[in-house]
> 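One structure, pasted below without further comment.
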Amino acid sequence: MIKIGVLGLQGAVREHIRSIEANGVEGIVVKRTEQLDELDGLIIPGGESTTMRRLIDKYHFFEPLKQFAEAGKPIFGTCAGLILLATRIQGQDSNHLALMDMTVERNAFGRQRESFEVELDISGVADGYEAVFIRAPYIVDVGEGTNVLATYQSKIVAAQQGNFLACAFHPELTDDHRLTGHFVKMVEESKKSLASS
């Protein structure tokens with residue numbers, strides 16, 4: 001059976017587990033690095049990216065997460081998770097995991113009180129998807145190998161590159177599990193591909 005973990009250092013971890021399970025797959029809260037070995041895919045949830053990076057370093061997740069990605073296993077970054085995946089962060093000289101070829105801007109849609117919900121069309125995934133934006137970043141630009149899946153007000157809010165998926169909103173906060181379902185399919189295909197290689 002497919003097993004997908006949710007990095008359990010900060011953020012709406014239980015809600016992601018619920019969305020994974022709604023797609024008929026086992027969800028595991030990841031609090032120790034050795035748990036990564038048993039997973040086929042991983043979600044890095046929202047939260048506060050600087051705090052999450054601090055916790056990743058504190059609990060020695062940085063290199064194991066890089067190795068997980070290098071092994072070809074899919075990672076889905078949502079909101080702060082998207083920032084952690086990006087190779088470039090607007091206004092900063094440093095980045096975090098630097099796995100997806102894209103530039104992001106933190107808190108780009110405003111502060112907490114500017115949070116909003118909107119219906120999005122996500123290319124190849126869902127039309128009329130209910131997206132919840134909370135202190136959300138957006139993607140300023142992407143590299144050649146990164147596909148834009150959704151935009152809002154001409155800003156990129158969802159993208160995919162190989163085994164990486166990222167969105168600026170919170171797919172775990174509604175009962176619409178289609179985007180998580182898309183990630184589950186990525187994980188299933190990756191597992192088959194890795195098993196045959």
Side-chain angles (χ1 to χ4, degrees), residues 1-49 51-53 55-56 58-85 96-97 99-100 117 120 122 124-126 129-134 136 149-150 157-195:
M1 185 181 188
I2 297 284
K3 291 183 182 176
I4 296 180
V6 181
L7 190 62
L9 302 177
Q10 193 197 38
V13 176
R14 291 285 167 200
E15 290 83 351
H16 274 295
I17 295 286
R18 184 179 63 94
S19 190
I20 291 166
E21 290 175 348
N23 281 285
V25 174
E26 184 177 356
I28 296 169
V29 179
V30 177
K31 291 189 173 284
R32 292 173 286 108
T33 57
E34 56 268 31
Q35 288 177 282
L36 294 173
D37 296 338
E38 63 185 282
L39 300 178
D40 304 301
L42 179 73
I43 293 176
I44 302 178
E48 204 288 314
S49 60
T51 303
M52 287 182 71
R53 172 56 192 274
L55 294 169
I56 283 170
K58 180 178 178 180
Y59 293 103
H60 310 291
F61 266 99
F62 189 82
E63 283 305 323
L65 287 173
K66 296 279 275 188
Q67 288 164 10
F68 188 89
E70 284 163 11
K73 293 185 176 181
I75 297 179
F76 181 12
T78 67
C79 198
L82 171 150
I83 296 167
L84 292 170
L85 292 183
H96 302 292
L97 295 167
L99 296 170
M100 273 186 81
E117 294 181 29
L120 288 179
I122 305 175
V125 178
Y129 183 89
E130 185 183 353
V132 179
F133 289 79
I134 302 171
L149 299 184
V157 293
Q160 183 173 340
Q161 176 195 330
N163 55 321
F164 306 117
L165 178 67
C167 69
F169 47 88
H170 288 264
E172 78 282 9
L173 294 184
T174 73
D175 290 327
D176 190 335
H177 303 295
R178 290 178 288 174
L179 186 55
T180 302
H182 175 69
F183 181 64
V184 169
K185 284 182 195 155
M186 286 172 62
V187 174
E188 288 169 345
E189 286 165 14
S190 151
K191 187 171 183 179
K192 280 182 204 161
S193 168
L194 291 173

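Heavy atoms only: backbone and side chains are in, while hydrogens, waters and symmetry mates are out. None of these values were measured; they are calculated from a predicted model.
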> Taking Asp176 for its side chain and Arg178 for its backbone only, find out whether a donor-acceptor pair lies under 3.5 Å.
yes
> Can you check whether Gln160 reaches Met186 side chain to side chain, under 4.5 Å on heavy atoms?
yes
> Flag the pair Leu120 / Phe133 as yes when at least one side-chain heavy-atom distance between them is below 4.5 Å, and no otherwise.
yes
> Quick one, Leu36 and Leu65 - any side-chain contact, counting heavy atoms below 4.5 Å?
yes
> If I compare all heavy atoms of Ser19 with all of Thr180, which pair ends up nearest, and what's the gap?
OG-OG1, 3.0 Å
> So, the side chain of Glu117 versus the backbone of Glu130: is there a donor-acceptor pair under 3.5 Å, distance only?
no
> Closer than 4.0 angstrom, basic N to acidic O: yes or no for Asp40 and Lys192?
no
> To the nearest 0.5 Å, tell me how far Thr33 OG1 sits from Gln67 CD.
9.5 Å
> Evaluate the criterion side-chain contact (heavy atoms from CB on, under 4.5 Å) for residue pair Phe76 and Val187; output intermediate values, then yes/no.
CA-CA 10 Å; Phe76 181 12; Val187 174; over 6 Å; no
> Just verifying a value: how many Å separate His182 NE2 and Ile122 CD1, rounded to the nearest 0.5 Å?
9.0 Å
> On a heavy-atom basis, which atom in Phe169 and which in Val132 lie closest, and how many Å separate them?
CB-O, 3.2 Å
> Compare every heavy atom of Leu165 with every heavy atom of Phe183, then report the nearest pair and how far apart it is.
CB-CD2, 3.8 Å
> Measuring from atom NE2 of His60 to atom CG of Leu55, what distance do you get when rounded to the nearest 0.5 angstrom?
12.0 Å
> If every non-hydrogen atom of Pro171 is compared with every non-hydrogen atom of Leu179, which pair is closest and at what distance?
CB-CD2, 4.2 Å
> Sequence neighbours excluded, which residues qualify as salt bridge (charged side-chain N to carboxylate O under 4.0 Å, His left out) partners of Asp37?
none
> So do the side chains of Leu97 and Ile44 get within less than 4.5 Å of each other, counting heavy atoms only?
yes
> With sequence neighbours excluded, what pairs up with Glu34 under the side-chain hydrogen bond (donor to acceptor under 3.5 Å, both in side chains) test?
Arg32
> Using modelled atom types only, decide if a donor and an acceptor are shared between the side chain of Lys73 and the backbone of Leu42 within a distance under 3.5 Å.
no
> Report, one line per pair, each donor and acceptor closer than 3.5 Å where one atom sits in a side chain of residues 1-16; sequence neighbours left out.
{"residue": "Gln10", "atom": "OE1", "partner": "Glu48", "partner atom": "N", "Å": "2.8"}
{"residue": "His16", "atom": "NE2", "partner": "Thr78", "partner atom": "OG1", "Å": "3.4"}
{"residue": "His16", "atom": "NE2", "partner": "Glu172", "partner atom": "OE1", "Å": "3.4"}

